[in-house]
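Accompanying notes for the structure given below.
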Amino acid sequence: SFNSNSSVVGGAIATTGDMDIKNSAFSGNIAKSSGGAIYNNSGTLNISSSTFDSNNAESGGAIVNAISSEKNKYGTAVINDSTFTNNTAKIAGGDLTVTGSTFKNNSANFDKIAEDFELLYGGGAIYNMGLKDNTLTTINNSKFENNSTNVNGGAVSIVSGNVAIS
């Protein structure tokens, strides 16, 4: 388990490579900037049967899935059978697949947003900016309950790319 860790990015873990996380708990981790629990920069992140509770960051309360400017490659995150509760901010980034997971009481609230940029923020539980037309967000057999934001998409906000929900 990863409890009460802190950093500028990736309160518990920051990675630029591929990573598999199974049967793990992330609680009370804080990142000043991005990825309260995990910051994935251009790698493939596979998460299964894990919990994320009360993690916090300016961007990505639980997880940030980012692009590497050096590698010009987006991160990919695959999340299965995991639970996200009481995290503050959002999940953001490249390709994202979520299956059999629960998102409850997560929030993404923004103090100051220029009117021209309002559509670029939101997603109490999941926010995927994409930044490329072929970004894919897939959500299967998952539950969203009591998630909120003060801008767009109380549970999910997808800025660009393709979305498949079943």
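Predicted model, so just to flag it, every value in this text is computed and none were measured. Nothing fancy with the numbering, it's 1 onward along the sequence.
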Legend entry - Heavy-atom side-chain proximity of Thr51 to Phe84 below 4.5 angstrom: no
Legend entry - Side-chain donor or acceptor of Thr138 paired with backbone N/O of Thr97 under 3.5 Å: no
Legend entry - Under 3.5 Å side-chain donor-acceptor pair for Asp81 and Ser48: no
Inset, instruction - Would you sort out whether Ile13 and Phe2 count as a side-chain contact (heavy atoms from CB on, under 4.5 Å), showing the intermediate values? - result: CA-CA 9 Å; Ile13 296 172; Phe2 296 84; 3.9 Å; yes
Inset, instruction - Would you mind reporting whether Ile47 and Ile63 have side-chain heavy atoms less than 4.5 Å apart? - result: yes
Inset, instruction - Give the minimum heavy-atom separation between Phe26 and Asn55, together with the two atoms involved. - result: O-ND2, 3.1 Å
Legend entry - Rounded distance (nearest 0.5 Å) linking atom CG of Asp53 with atom CG of Asn87: 6.5 Å
Legend entry - Rounded distance [0.5 Å steps], OG1 in Thr85 versus NZ in Lys104: 8.5 Å
Inset, instruction - Might you point out which heavy atoms bring Ser142 and Gly100 nearest each other, and give the distance in Å? - result: OG-N, 3.3 Å
Legend entry - Beyond-backbone contact of Asn56 with Asn29, side-chain heavy atoms, under 4.5 angstrom: no
Inset, instruction - Decide whether Val78 and Val163 are clustered together by the hydrophobic rule: side chain heavy atoms of Ile, Leu, Val, Met, Phe, Trp, Tyr closer than 4.5 Å, transitively. - result: no
Inset, instruction - Working to the nearest 0.5 Å, report the span between OG of Ser50 and CD1 of Ile21. - result: 6.5 Å
Legend entry - Nearest heavy atoms of Ala57 and Ser33, plus distance in Å: CB-O, 3.9 Å
Legend entry - Those residues that, when tested against Ser1, pass side-chain contact (heavy atoms from CB on, under 4.5 Å) (two or more places apart): Asn3, Ala25
Inset, instruction - If a pair satisfies salt bridge (Lys or Arg N to Asp or Glu O under 4.0 Å) and one of its residues is in residues 21-36, list it, with sequence neighbours excluded. - result: none
Inset, instruction - Mind running side-chain contact (heavy atoms from CB on, under 4.5 Å) on Ile38 and Leu45 for me, showing each step along the way? - result: CA-CA 10 Å; Ile38 300 172; Leu45 176 63; 3.9 Å; yes
Legend entry - Asp18 side-chain N/O to Thr44 backbone N/O, donor-acceptor pair under 3.5 Å: yes
Legend entry - Residue pair Phe103 / Val98, side-chain heavy-atom distance below 4.5 Å: yes
Legend entry - ILVMFWY network linking Ile30 to Phe52, side-chain heavy atoms under 4.5 angstrom: no
Legend entry - Side-chain donor-acceptor contact under 3.5 Å, Asn40 with Thr15: no
Inset, instruction - Check whether any side-chain N or O of Ser101 sits under 3.5 Å from a backbone N or O of Ser82 as a donor-acceptor pair, and report yes or no. - result: yes
